[in-house]
Each structure stands twice: as structure tokens, then as C-alpha cells.
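Residue numbers begin at 1 in each chain, while the letters A, B, ... track the order of the sequences.
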Number of protein chains: 2
Amino acid sequence: MDERTVACEDLYKGVKFDVRYDYLCIAGGMKSNTFNTPKVAELEGVVVFFLKHLYHARQIRNRIVECFERASNYTIPVVQRDRLLSFIVVGGGPTSCEFMSELHDFVTKDVVKWYPELAPHIKLTLVEAGPGILGSFDKALSEYYLEKLREMDIDVKLSTAVSAIEERYVDGEQITVAKFGDGTEQNFGVMVWSAGLSPVNFLEKSNLAMERGRVAVDNYLRVPNSKGRVFALGDCATTSESLPPTATVAEQSALYLADCFNNYHSKFDVLDKKNDNKDVPLPGDVTPYLMPWNALSFLNKLFCDSSPEFQYKNRGSMASMGFGGGVTDLKKSDLPGLKSTMSGQASYLVWSSTYLTKQLSLQNMILIPMYWFKALIFGRDISRF
Amino acid sequence: MDERTVACEDLYKGVKFDVRYDYLCIAGGMKSNTFNTPKVAELEGVVVFFLKHLYHARQIRNRIVECFERASNYTIPVVQRDRLLSFIVVGGGPTSCEFMSELHDFVTKDVVKWYPELAPHIKLTLVEAGPGILGSFDKALSEYYLEKLREMDIDVKLSTAVSAIEERYVDGEQITVAKFGDGTEQNFGVMVWSAGLSPVNFLEKSNLAMERGRVAVDNYLRVPNSKGRVFALGDCATTSESLPPTATVAEQSALYLADCFNNYHSKFDVLDKKNDNKDVPLPGDVTPYLMPWNALSFLNKLFCDSSPEFQYKNRGSMASMGFGGGVTDLKKSDLPGLKSTMSGQASYLVWSSTYLTKQLSLQNMILIPMYWFKALIFGRDISRF
């Protein structure tokens, strides 16, 4: 990245080309962290699946259907059938918990219609290395969610890490086995790995200063020593405040930077050769985006102090639980009103309405409830595609 | 297939197992026919795409987006850019014609919003070996459709076959070239091949009697010499009448067979060992399914003579043309009323309402118009997935 140039490589043919920049915003995200657990990277896409991209979701879906298809063959040995119907989710964060409750809904409400004889053999396991799930939530809520998962017959293993994955032959059948830190083992057909984040390749190989795997930026989201011309935001970046790697932070950072550019940086003539070695001046006051909806943005000025620096405003945390359940934590929220927590149907209502209004585009806001409606009325579709 | 057993092989692991049958219905469909054109099979999924399965549609979509992405790179040589933006459809049947008009809509209405600078370089070509498109339609309609395609600036080559595909290097750029029967050539980025049908592998390797690539069945849809226990229907089968390989034929055959089983074959005790060597008796009268909608099925008895044999009833043919256009041919239809033809918006209305009511399930009937609505209002989504 010398002389304000980004070296690019086309994904299709590996064509290399340079793009010059006046300003650069780095929003590269993060990738799943395998913690170098043996065989995880090797079996990724086969029996182990991350849950970051749309194609991951499709891989998981196709693999689950494959497991049921193979398990339903009358010639299959019991050991193979049982391991194919064993699903492990690694990680106890909101993604893992939401996925596990959806998976539970899917296998208990939908798949059993098509493979009723397999229902008694399905095993769901959730593994978390820390002492509890939903670590960032209020304790009462984590415990509520944990209890609900256990009521669903999900085997939740706390303070347990996956130490390795092994491929093994039992009676001539190839099976995959998860080995846990406590010495126990569990055969499985699908492992969904959502246990942590690590930097994407191009940032890992860059010479940018990193802070626990994330690009270190100052309180204006600027990369140091870039004369105010390089910014980083979203999951891939953090200030010294250690911002959580969530969509809310990414969205608020992007809105902050947009305001900086529109109101302040645009006044600096970056194309003027004479300015090449000058620092871009710091921005003036920017109002933080506390309110989740644009219609309420007039309240931002009322409840927050403007400042030239980026201020992250906590709007609370939520985790859904299938249809009609979940937890909402507003205790640490900067939103005005009660510092409360919610669980069950009230939380689901908050979750679904918030989820909806955050869907980027009107078309998604129309399509998503149609899908929910369809899933509720007709059940999920289990065809492979 | 000795002793009423089907040899199966699981698609995932190639596990082989047998399934015994009392009755067997073969509905294997057909696959795309490459006519052994050089390189077509080899480049299938890369630059040549069939259009039979859902995943084919996704492949085509992703490839089109790839072509635009690569063509929009400022470093790309002109010869490469132009060939990436050249789309060829092979075949002049309803599938090819509908696909070509949709493709035209897609590139002229949607893609150009994202790549306006590429619009002047897009080239659309349709190649048909016969003297006209939509060969099975009334001549006035084929000509109307042809004229409309040409008005859209689509290069329609009639009486022209693709004789080979070549990969070639021009100025160090790898390009793919279609060679036509008349000696001309056309570089291309995407070729959609929808030119004919050939038998699927398991039927080709079977020792069933075939008639032009399709399992020969008698007028009761029975495979000869099967003691009335093996049936074949849909695209993969034909009576001596040469049924067209369409969804209407497949649907009517399936409904006919269902009636045979429910009303007649169910009275024959196929499990009784004493019947093992007896022929299953022929069915009695079955009413043909002329009416496309169940609500009108009481009219079938009124307009058609019942018979023990399968009778295909022509309901007319349709081909849509993007939003709001198309052709409908009722001249050869067995439906009561005018033996008419339609084109333009009237035809589109008939096409879309018929298409909808044939969507198998209520959920598709709800989802499809929502998609149409979404595409009409918001444009198509061009993200890769």
C-alpha cells in the first residue's frame, strides 16, 4: 500500500491490478477462527461448517439433508446412522444459540414429518469453552436461555473445548469424532463452528498495526500514520475501547464516517497536489446514531452529546429462540428508559421487529415476513438445492 | 432388474443396495442432448450451461455476474471484454425463447443499472438448427415471436447449428468461440444449451426397449413384457403416438396412472404368491384430464370420452416474453371454444395465470407472484450466491 495504491486481485482469474485512492475505507470483516484445532480447517465444508456467509448456510442445509437421506437407508449400520444424526454446535454466542434453537425447531417440527422413524436417534450438542452461554448478556438471561436449551433436550456442555476432530473407522464405517477437552468424545455428522473470529488474509498479511486480530484505529476510526486518509471500520477494526464485532457497531461507524465525509472531509481538497503531504483536518461535531430507526433520528440530538470522535451507542442485545422465544438485554443499553431485560414472547416481538427494520432494503422487509409466514404455515422446505 | 428388484446406488457414498417392488413407475426424465458437439460436454458448467435443473439456473446466474464483474475491470483487453459480454442461447424451443427474452430483460433493465458503461458492448445471439423458432407453435405466432426477438436487437440465426466450441488464445487472452455450421464464428462468455433431449444414464444402460431415446410403452403406459407391473411416464417415456416431452403430458400421465391404481389395480392382489406369474388385468375406463384446474374437473367427463387407455389432451402451448408479452397457441388444443392464437399482453395474462395455477403447491402460488411483484418494483437482484 505504498503511494496510496491498493493492490487488487480479481477473484475469478487472479488478474492483478492496482487501484489508486484518495481516501481508503477498510471494511474487510473477520473470518471464523479455528484456533488451530486439528482437522477443523481440513474438514471445513465436509463435516465442519462455519456460519458467516450465505453459502455456509446452504452448505449446512444440504449437509443436514444428506445426513437424513443416508441415515434413512435401510442398509445403514447403527453406528453410522447415529453419528449422521448427531449435530454439534461449537460456541455459545448469540449466533450459536440462535442456530441451535433453529436447528432444534427444524429437526423436531419439519424433518420428522419426512423421516419420523429417525426422530428418536437425533442428538443435538452445544459446546462452549467458557463457563456460560451468551457471555455478553445479563446473567439472568443467559441462564434462562441455557435452561430453555436443556428443556429442548439439547446437550449443552459448558467449560468444554473441542480439542480435536478425528476420522476413524468403526466396523468398516468411516465416522467423524469430536474430542473434547475433558477427554470425552462424540461422533457427529454435522459440526457448526461459530466459536470466534480471526483476521481475514489480506489484513493479516498487511503491515497495519493490529490489536487482537483487528486493525487498530484511533477515535476518529483513522488508521495511524495515514495522514487521515485511511479508515477502518466494522468487525475488522477496533478503537482502544474494544468495540464488539457486531452489525450495530459497523452500522454506526459507517454512518459516523459518512457524516464526517459529507460535512467535513469534503471541504478538504484532497486532489490538490499541494495537500498531498498534509494531514486531513479532524472532523467537527458528529451526532451519534443511538436510535435504531431513521424516523426517530431527531431524538439522537436530544439524548446524546455530539463530538468529533466516534461514539458507539449500545442499543441492547438480543438472541431469538425459534418461533416466539428469545432474550433481550437492555441493561447496558444507552437507550433512554428502563434498563430492563426481557425473555420469552415479549422478547421475540422485540427481536423480530428490530430484525426486520434493520434489513437494509424495503424488499427484504417485505420478503422476510413472507418467509416467516410461509415457514409458520407450511413448515420449512427440506429439498436440496 | 431381474426378479422385480431395482438396483440402487446412494448418490453420496455410492452405497449399492436393492429395493424389491410389486409395481414400478419409471419417471426418470431426460437430460440435455449435446449431439456430441465437440467440447460442449467438457465445458459444461464452465461456459456452457444446460437449463434443466435449479442448480443450472444458479450456475447461469453466477456466470453472468462473473462475466459482468470481469468485463468491468478497467484493465481488461477489448477482445476479452466483448467475448465475456456475448451470450449465446442454443435452441429455438419455448425454453430457449423464454430464457432469451428474460435474459434480454435482465441485461437491459437490471444489469445496466450497475454496469451502464458495458451496455453498448452486450451481444445476444440465439441459434436454431431448424428453419424457425417455436416449431411446435402456429406459424403466425412463431413469426411474431421471432420479429419481437429481432426488435430487441437479438441476433437470431435460423437453420444454423453449432458445429463446435473452441478455446483459443487471442493476444494472450483465453477466449471461447462458437463455430457455426455456416462457417461463421462468435466469441462468447455464456452459452445456454437447450437444444434437445437424450436419455438419462440408467435408462440408456437398461435393456428396456427404447423409441428415439425414450422408453417405449403401450397405450396403458406399461413397459412391454412386465406383466403389467412396470410403467413409465413423463419425458422419459412415449407411446407410439409420440407424446411431447412436456409437463402437461407428465401431469396427465401421472393422474391417469393414479386413477388406474386407485380404481382398478388396487383390486388385484399383487402380494399373493399365486398371482406372481399372472398379468395384472387391464384397467377399466379412466376420464382424461383435459381441464387444467381441479375446480373444472367436472367438465372433463362432459368434453371427453373415457377409455381404459391413456389419452393425452392438448391444452394449447404458451411461451412468455419477459414482463407482459408472449404467445399462446390454442389451435391444436382439445379445449372447447375458439381454436385461436394470442400474442402480446393478452397472452401474458393467460401465461401467468396458467403458470401460477400449475405451481404444485399453495406456497409456490403465494411466493411466485410476490417475486414477480418484487422484480417488477425493485428490479432483479444481481448478487452472487
### Query
When rounded to the nearest 0.5 angstrom, what is the spacing between CZ in B:R70 and OH in A:Y12?
9.0 Å

### Query
Most heavy-atom pairs under 4.5 angstrom with chain A, which of B:V15, B:I76, B:N73, B:T75?
B:N73

### Query
Taking everything shown except B:D22 itself, do over 12 heavy atoms lie less than 6.0 Å from its CG?
yes

### Query
Yes or no on side-chain contact (heavy atoms from CB on, under 4.5 Å) for A:K13 and B:Q80, after CA distance, side-chain angles and deciding distance?
CA-CA 12 Å; A:K13 293 285 171 183; B:Q80 186 64 280; over 6 Å; no

### Task
Please say whether more than 12 non-hydrogen atoms of neighbouring residues, nucleotides or ligands are located less than 6.0 Å from OH in A:Y169.
no

